[in-house]
Amino acid sequence: MGSWKSGSMGLERMSVEQLKAVKEQSDLEVNLLQDSLNNIRSATTRLEIASSALNDLAIRPPASQILVPLTASLYVPATLHDSTHVLIDVGTGYFIEKTMDEGKDYCERKINLLKSNFEQLVEVASKKKNVADEAGVILQAKMKQLASSS
């Protein structure tokens, strides 16, 4: 929507149809950004859980009995043979062997990156929401004006 000026002066000059389009587009973008924020929040939570699990594994002695999660509700018993190396899921089915410290560092860096992205998206979503709200207010005023002049 780069064809209109930012600010209320640009919006006030628009027709009712243009305002409706701006409001609908802004609302759609806000919803998409909200979905992205939810996905980032979910990914951050999963990484925080993984980081906590690494801390727990690091203090367990070899030959410890543990439960390994296969799904969110299915765990199988296992024996810990090496608590100094872990496999890190880096996405699309790829795993990389890392030391425990490298694994913790990986999780921490990813968490920090996600939090930074989250903050940036919150700022963008806030601006888009303001545009949608402003377009809605101006649209309502124009609709009232049209109704009273009829």
Qualifying residues under salt bridge (charged side-chain N to carboxylate O under 4.0 Å, His left out), relative to [X], sequence neighbours excluded:
| X | result |
| --- | --- |
| K110 | none |
| E17 | none |
| R109 | D105 |

Beyond-backbone contact of [X] with [Y], side-chain heavy atoms, under 4.5 angstrom:
| X | Y | answer |
| --- | --- | --- |
| I138 | E134 | yes |
| F118 | L37 | yes |
| Y106 | I96 | no |

Do [X] and [Y] share a hydrophobic cluster, counting only Ile, Leu, Val, Met, Phe, Trp and Tyr and linking them when any side-chain heavy atoms are less than 4.5 Å apart?
| X | Y | result |
| --- | --- | --- |
| L19 | V137 | no |
| V90 | F95 | no |
| V22 | V30 | no |

List the residues meeting side chain to side chain donor-acceptor pair (under 3.5 Å) with [X], not counting sequence neighbours, and say none if there are none.
| X | value |
| --- | --- |
| D82 | T84, H85 |
| N39 | none |
| K129 | D133 |

By the rule that ILVMFWY residues connect when side-chain heavy atoms come within less than 4.5 angstrom, directly or transitively, which residues belong alongside L28?
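Traced through the cluster, L28 reaches L32.
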
So which heavy atom on L121 is nearest to which on S36, and how close?
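Heavy atoms of L121 and S36 come nearest at CD1-CB, 3.8 Å.
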
Between the side chain of K20 and the main-chain N/O of S15, is any donor-acceptor distance below 3.5 Å?
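It does not hold such a pair.
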
Backbone of N38 reached by a side-chain donor or acceptor of S42 within 3.5 Å:
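Not confirmed, S42 side chain does not pair with N38 backbone.
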
If the test is side-chain hydrogen bond (donor to acceptor under 3.5 Å, both in side chains), which one of E29, Q34, Q25 qualifies with K128?
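Among E29, Q34, Q25, the one that satisfies the side-chain hydrogen bond (donor to acceptor under 3.5 Å, both in side chains) with K128 is E29.
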
Worked verdict on K127 versus E123 for salt bridge (Lys or Arg N to Asp or Glu O under 4.0 Å)
CA-CA 6 Å; K127 288 177 183 175; E123 190 175 319; 3.6 Å; yes

Using the test side chain to side chain contact (heavy atoms under 4.5 Å, CB included), find all partners of [X] that sit at least two apart in sequence or belong to another chain.
| X | value |
| --- | --- |
| N117 | I40, L113, Q120 |
| E108 | N112 |
| A43 | R46, L114 |

Under 3.5 Å, sequence neighbours excluded: what are the donor-acceptor pairs made by side chains of residues 47-71?
from: N55; atom 1: OD1; to: K104; atom 2: NZ; distance (Å): 3.4
from: N55; atom 1: ND2; to: S51; atom 2: O; distance (Å): 3.3
from: D56; atom 1: OD2; to: R60; atom 2: NE; distance (Å): 3.3
from: D56; atom 1: OD2; to: R60; atom 2: NH2; distance (Å): 3.2
from: S64; atom 1: OG; to: P61; atom 2: O; distance (Å): 2.5
from: Q65; atom 1: NE2; to: T79; atom 2: OG1; distance (Å): 3.0
from: T71; atom 1: OG1; to: S73; atom 2: N; distance (Å): 3.3
from: T71; atom 1: OG1; to: L74; atom 2: N; distance (Å): 3.1

Measuring from atom CD of E119 to atom NZ of K115, what distance do you get when rounded to the nearest 0.5 angstrom?
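Those atoms lie 9.0 Å apart.
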
Give every residue pair that meets the side chain to side chain donor-acceptor pair (under 3.5 Å) criterion with at least one member in residues 87-98, sequence neighbours excluded.
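Matches after skipping sequence neighbours: none remain.
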
